[in-house]
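Values reported hereafter were calculated over all heavy atoms of this structure, with side chains retained and with hydrogens, waters and symmetry mates removed. Here the structure is a predicted model, which means the values were calculated and not measured. For reference, positions follow the sequence shown, starting with 1.
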Amino acid sequence: MTQLDEATRTELVREIALALARKQRLAFASDFHAFAEGRNLTVAGVTFETFPKGPNTKRSDGDVVAHAIVMALTAAVNQGDIDDWFPDKGETGVRSIDYLPEMHRRLIVPNHLALSTIDVTILCGEQPRMKNRLPEMRQRIAEGLGMDIDQVHVKVSSMDGQDEIARLEGIEARVLVSLWEGL
């Protein structure tokens, strides 16, 4: 086996890192819904039946996490936005988490992409007890996108009146996705 000198080894590592960087796609997306009384709250496919408020939206069930994931995925591959994939038809019975398998089938697979990581942060002023339901949310996202649950991270933060989200009485999801091309 041939030993490489330090300068050659450094240059080779640099070239490999640059080649891999060109294969990685990252995207961030955010979705926000104000709350309305008497609506159901669904987050990452998990419904909080005892919480008295839900999203004030006509789009499906208003699942901010599912919407933000779709927006981040389409941004990562420059394929429009959520309205291009799921036009708003005022279908209040549609479950947004059900968008994810279609995104996998129509966007990820044909473009030869591999999902690396999905990181979700849920921001909510007044919130139901979400922390004990985080594993269920992770599972729903992982199943929907054909990923291992260890590739999905979900966390929740209470804003406690510190910013506009809490003042507007709503919920926001911030999502970062990492994909690899041609793997």
Side-chain angles (χ1 to χ4, degrees), residues 1 4 8-33 42-47 55 57 59-89 91 94-124 130-157 171-183:
M1 183 160 97
L4 298 175
T8 303
R9 189 172 31 249
T10 299
E11 182 60 25
L12 183 60
V13 168
R14 182 182 173 284
E15 287 179 29
I16 291 170
L18 287 173
L20 287 173
R22 285 190 280 281
K23 297 284 187 181
Q24 186 179 33
R25 297 176 181 219
L26 296 172
F28 172 82
S30 169
D31 193 29
F32 172 82
H33 292 294
T42 300
V43 181
V46 176
T47 301
T57 181
R59 178 185 293 283
S60 64
D61 58 3
D63 186 333
V64 295
V65 170
H67 295 177
I69 290 171
V70 169
M71 290 187 289
L73 289 172
T74 59
V77 294
N78 198 23
Q79 293 286 325
D81 66 19
I82 193 168
D83 293 323
D84 297 324
W85 288 84
F86 304 100
D88 186 3
K89 298 177 183 169
E91 301 173 25
V94 177
R95 294 170 33 88
S96 300
I97 200 73
D98 293 337
Y99 295 163
L100 301 186
E102 186 170 350
M103 294 304 296
H104 186 265
R105 181 177 53 78
R106 291 178 52 202
L107 184 70
I108 305 302
V109 173
N111 287 307
H112 308 287
L113 299 169
L115 284 160
S116 173
T117 304
I118 295 199
D119 184 77
V120 177
T121 302
I122 302 165
L123 305 169
C124 191
M130 287 188 198
K131 290 193 188 234
N132 61 345
R133 310 271 318 261
L134 294 180
E136 188 179 351
M137 291 181 203
R138 290 177 62 218
Q139 184 66 40
R140 299 299 303 271
I141 294 167
E143 286 173 357
L145 291 170
M147 302 173 69
D148 187 82
I149 194 167
D150 291 336
Q151 295 172 278
V152 178
H153 183 83
V154 179
K155 55 201 169 297
V156 63
S157 176
I171 186 166
E172 180 181 6
R174 296 177 182 172
V175 173
L176 178 66
V177 299
S178 170
L179 300 109
W180 289 90
E181 181 182 335
L183 297 180

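In this model, no donor atom of one side chain and acceptor atom of the other lie less than 3.5 Å apart for Thr117 and His153.
Once rounded to the nearest 0.5 Å, the distance linking NE2 of His33 with SG of Cys124 reads 12.0 Å. In this structure, Ile141 CD1 and Ile69 CD1 are separated by 4.0 Å, a value rounded to the nearest 0.5 Å.
Ring-plane geometry between Tyr99 and His67 is classed as parallel, the angle between the planes falling under 30 degrees on a 0 to 90 degree scale with a further cut at 60.
Closest heavy-atom contact between Gly62 and Ser96: N-OG, 4.1 Å. Among all heavy-atom pairs drawn from Ala27 and Ala76, the shortest one is CB-N, 3.5 Å. Closest of all the heavy-atom pairs between Leu115 and Gln151 is O-NE2, 2.9 Å.
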Do Lys131 and Val156 pass the side chain to side chain contact (heavy atoms under 4.5 Å, CB included) test, and can you show the C-alpha distance, the side-chain angles, and the key distance before you say yes or no? CA-CA 7 Å; Lys131 290 193 188 234; Val156 63; 3.6 Å; yes
As a quick check of understanding, evaluate side chain to side chain contact (heavy atoms under 4.5 Å, CB included) for Glu11 and Thr8, giving each step before the final call. CA-CA 5 Å; Glu11 182 60 25; Thr8 303; 5.8 Å; no
Criterion side chain to side chain contact (heavy atoms under 4.5 Å, CB included) on Val152 and Met147, from CA distance to verdict: CA-CA 8 Å; Val152 178; Met147 302 173 69; 4.2 Å; yes
Set out, in order, the CA-CA distance, both residues' side-chain angles and the distance that settles side chain to side chain contact (heavy atoms under 4.5 Å, CB included) for Leu73 and Leu145, then state yes or no. CA-CA 11 Å; Leu73 289 172; Leu145 291 170; 4.0 Å; yes
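Listed by chain and residue number, Ser178, Trp180 satisfy the side chain to side chain contact (heavy atoms under 4.5 Å, CB included) test with Ser116 (two or more places apart in sequence, or in another chain). Here Val77 pairs with Arg25, Gln79, Leu107, Leu113 under the side chain to side chain contact (heavy atoms under 4.5 Å, CB included) rule; sequence neighbours left out. Listed by chain and residue number, Arg138, Asp148 satisfy the side chain to side chain contact (heavy atoms under 4.5 Å, CB included) test with Asp150 (two or more places apart in sequence, or in another chain).
Using modelled atom types, one side-chain atom of Thr74 and one backbone atom of Gly80 make a donor-acceptor pair closer than 3.5 Å. Between the side chain of Arg140 and the backbone N or O of Ala44, no donor-acceptor pair lies under 3.5 Å. Between the Asp31 side chain and the Ala173 main chain, no donor and acceptor come within less than 3.5 Å of each other.
Side-chain contact between Asp119 and Lys155 is present, with heavy atoms from C-beta onward closer than 4.5 Å.
No option in Thr121, Val65, Val43, Ile122 other than Ile122 meets the side-chain contact (heavy atoms from CB on, under 4.5 Å) test with Val154.
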